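Here the structure is laid out as structure tokens; the discussion comes afterwards.
The figures here come from the full heavy-atom set of this structure, side chains too, leaving out hydrogens, waters and symmetry mates. Since the model is a prediction, treat every value here as computed from it, not as a measurement.
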Amino acid sequence: MVVMTNVGVQIPARPKIIGVAHAAFFTKDVDHTRRFFKEYLGYEEPFVVPDEKGGIAFAAVKINDRQYVEIYPECRPGSGRLCHFAVETDDAEAMRRYLLAMGCCVSGPTTVGSLGEMNFFVTDPNGTICKIVEYRPGSRIVEDFGNHLSDRRVSLRMSHIGFMVEDVDKAFDFYVGILGFREVWRGGPDPSKVAWIHLQVPEGEETIELMLYEAEPSQADAGHMNHLCLEVEDVGEADRLLAGRTCPDGCPEPVSIKLGINRKRQLNLFSIDGTRVEIMDRRTIDGVSAPSSEGVPMRYRPSVGGS
Ligand SMILES: [Fe+2]
């Protein structure tokens, strides 16, 4: 199916986006971060992809059959920690053609990834890299369905991935206007300002969280904003489960359970790099949804000093 624009250009229909597939982070200590996710958070690691020098290109920790956290060795000390995030589509090549027709910054052809998934990359207007993946029968990921799903997992689902957004208008043009995400909630600690905006994938449940900011962020700020969220039924139970395990030495202190602005209880953990893992209740504390903020979305202003 194609859509004709008013200037006669044919735009292919957008394929479905059915979920958030993975979060990929750089780390200064691959083995430490692998232990954090495996021994402490209870996940299995079905795939370790070697690099050309006999080291690790990345390790894939399995949240569930369709969601992973990918752990990459840092390219240089102190570099940004978010490598990319991925969404799942039902037709990667059709999505690539669609994004090209929409004028987006798309990587080369759709290729078969290390785990057998069809994939390509698109860079959003703020410079964040979004990977588009399609799980095909016969791929290593699909062949692993039903396996490596430990009973020790602290959470069975990654409900969202959050990342820093410098220009919220450009982000909306891309994620809402082109990819079809829809806004489900916005909020922040200051009622007069919007710091977080949740956009839901168009044909699925998961969200991305646009993390807005004004001042140049420190590395600790960036680690707080570029994060992943693991959803649980009872964050108190998750806390008790983790208390019986040992977090690898060197991780920043966790932030104990608190009630979020969204009225959901949350617990925040940090990898050795300060990358935040938010563990959050699926439901609000009393079943009542938190209203969206009517504040003004924050905008990055380089003249504002960092914290
Ligand atoms: Fe979050």
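- Minimum heavy-atom separation, L210 to A171: CD1-CB, 4.1 Å.
- Residues N262 and M280 have side chains in contact (heavy-atom distance under 4.5 Å, counting atoms from C-beta outward).
- Between the side chain of R245 and the main chain of L242, no donor-acceptor pair closer than 3.5 Å is present.
- E233 pairs by the salt bridge (charged side-chain N to carboxylate O under 4.0 Å, His left out) definition with R282, R283, not counting sequence neighbours.
- Looking only at distances, a side-chain donor or acceptor of Q200 sits under 3.5 Å from a matching main-chain atom of E205.
- Salt bridge present: E93 and R96 bring a charged side-chain N and a carboxylate O closer than 4.0 Å.
- Checking N226 against R81 by side-chain atom types alone, no donor-acceptor pair falls below 3.5 Å.
- For the 3.5 Å distance criterion, the side chains of E209 and H227 qualify, holding a donor opposite an acceptor.
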Open item on the list: Checking I141 against R136 for the side chain to side chain contact (heavy atoms under 4.5 Å, CB included) test, could you report, in this order, the C-alpha distance in whole Å, the side-chain angles of both residues, the deciding distance, and whether it holds?
Closed with: CA-CA 8 Å; I141 286 180; R136 286 198 174 170; over 6 Å; no
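- A donor-acceptor pair under 3.5 Å links the side-chain atoms of S292 to the main chain of R186, judged by distance alone.
- No side-chain N or O of D273 forms a donor-acceptor pair with one of T275 less than 3.5 Å apart.
- Under the 3.5 Å distance criterion, the side-chain polar atoms of E45 are left unmatched by any main-chain donor or acceptor of A60.
- In this model, a donor atom of one side chain and an acceptor atom of the other lie less than 3.5 Å apart for E278 and H160.
- The distance from atom NZ of K16 to atom OG1 of T89, rounded to the nearest 0.5 Å, is 10.0 Å.
- Cluster membership check: F174 shares its hydrophobic cluster with F163, using side-chain heavy-atom separations under 4.5 Å among Ile, Leu, Val, Met, Phe, Trp and Tyr.
- In summary, of the residues considered (K258, R265, K264), a salt bridge (charged side-chain N to carboxylate O under 4.0 Å, His left out) with D281 occurs for R265 alone.
- Across every non-hydrogen atom of S159 and E231, the tightest pair is CB-OE2, 3.7 Å.
- For the pair R76 and E74, the salt-bridge criterion is not met [side-chain N within less than 4.0 Å of a carboxylate O].
- Note on E206 versus R157: salt bridge recorded, some NZ/NE/NH1/NH2 to OD/OE distance being below 4.0 Å.
- When the side chains of ILVMFWY residues are joined at heavy-atom separations under 4.5 Å, either directly or via intervening members, I132 and L82 end up in a single hydrophobic cluster.
- Under the 3.5 Å distance criterion, the side-chain polar atoms of T284 are matched with a main-chain donor or acceptor of V288.
- More than 12 heavy-atom neighbours from other residues, nucleotides or ligands sit within 6.0 angstrom of CG on N147.
- T33 contributes no side-chain N or O that, together with a main-chain N or O of V30, makes up a donor-acceptor pair within less than 3.5 Å.
- One hydrophobic cluster, built from ILVMFWY side chains closer than 4.5 Å, holds both M211 and W185.
- At least one side-chain heavy atom of V48 sits less than 4.5 Å from a side-chain heavy atom of I56.
- When every heavy atom of G187 is checked against every heavy atom of S293, the shortest pair comes out as CA-CB, 3.7 Å.
- With N126 contributing its side chain and D167 its backbone, the two residues share a donor-acceptor pair below 3.5 Å.
- Other residues, nucleotides and ligands contribute more than 12 heavy atoms inside 6.0 Å of the NZ atom of K38.
- Under the 4.5 Å side-chain criterion, counting only non-hydrogen atoms from C-beta, T207 is not in contact with V20.
- In this structure, the side chains of R66 and M158 stay at 4.5 Å or more apart for every pair of heavy atoms.
- The pair D31-R34 meets the salt-bridge criterion, with a side-chain N (NZ, NE, NH1 or NH2) lying under 4.0 Å from an Asp/Glu carboxylate O.
- Residues M164 and P217 form a side-chain contact, since some pair of their non-hydrogen atoms from C-beta on lies under 4.5 Å apart.
- Across F58, F121, F120, a single residue satisfies ring-ring contact (aromatic ring centres under 6.0 Å, His included) together with H84, and that is F121.
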- [ ] Please lay out, stage by stage, how F36 and L41 fare under the test side chain to side chain contact (heavy atoms under 4.5 Å, CB included).
- [x] CA-CA 6 Å; F36 176 77; L41 299 183; 3.9 Å; yes
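- By the 4.5 Å heavy-atom criterion applied to side chains, D286 and R263 are counted as neighbours.
- The closest side-chain donor-acceptor pair between Y213 and D221, if any, does not fall under 3.5 angstrom.
- Side chain to side chain, E70 and Y72 meet the donor-acceptor criterion of an N or O pair below 3.5 Å.
- F270 and L267 fall into different hydrophobic clusters, where Ile, Leu, Val, Met, Phe, Trp and Tyr are joined by side-chain heavy atoms under 4.5 Å apart, directly or via other members.
- Using a distance-only test at 3.5 Å, with no hydrogens or angles considered, a donor-acceptor pair links the side chain of R140 to the main chain of S114.
- Between R301 and E166, no side-chain nitrogen of the basic residue sits less than 4.0 Å from a carboxylate oxygen of the acidic one, so the salt-bridge criterion is not met.
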TODO: Please report the C-alpha distance between V296 and V194 in whole Å, then the side-chain angles of each, then the deciding distance to 0.1 Å, and finally whether the side chain to side chain contact (heavy atoms under 4.5 Å, CB included) criterion is met.
DONE: CA-CA 6 Å; V296 177; V194 173; over 6 Å; no
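- Ring pair H22/F85: centre-to-centre distance not below 6.0 Å.
- Take D51 and apply the side chain to side chain donor-acceptor pair (under 3.5 Å) test, not counting sequence neighbours, and it matches no residue.
- At a threshold of 4.5 Å between side-chain heavy atoms, the hydrophobic network of Ile, Leu, Val, Met, Phe, Trp and Tyr places L149 and Y135 in two separate groups.
- Side-chain atoms of R35 do not come within 3.5 Å of backbone N or O of Y40 as any donor-acceptor pair.
- Salt-bridge annotation for E214 and R299: absent, with no side-chain N of the basic residue lying under 4.0 Å from a carboxylate O of the acidic one.
- A perpendicular orientation is assigned to the rings of F181 and Y175, their planes being inclined by more than 60° (bins at 30° and 60°).
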- [ ] Start with the C-alpha gap between I63 and Y68, add the side-chain angles, then the distance that decides, and say whether side chain to side chain contact (heavy atoms under 4.5 Å, CB included) holds.
- [x] CA-CA 5 Å; I63 307 296; Y68 286 79; 5.7 Å; no
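- Although no hydrogens or angles enter the test, the distance criterion places no donor-acceptor pair under 3.5 Å between the side chain of E237 and the main chain of V235.
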- [ ] Just do the salt bridge (charged side-chain N to carboxylate O under 4.0 Å, His left out) check on K131 and E88 with the steps written out, would you?
- [x] CA-CA 9 Å; K131 189 174 184 179; E88 184 187 351; over 6 Å; no
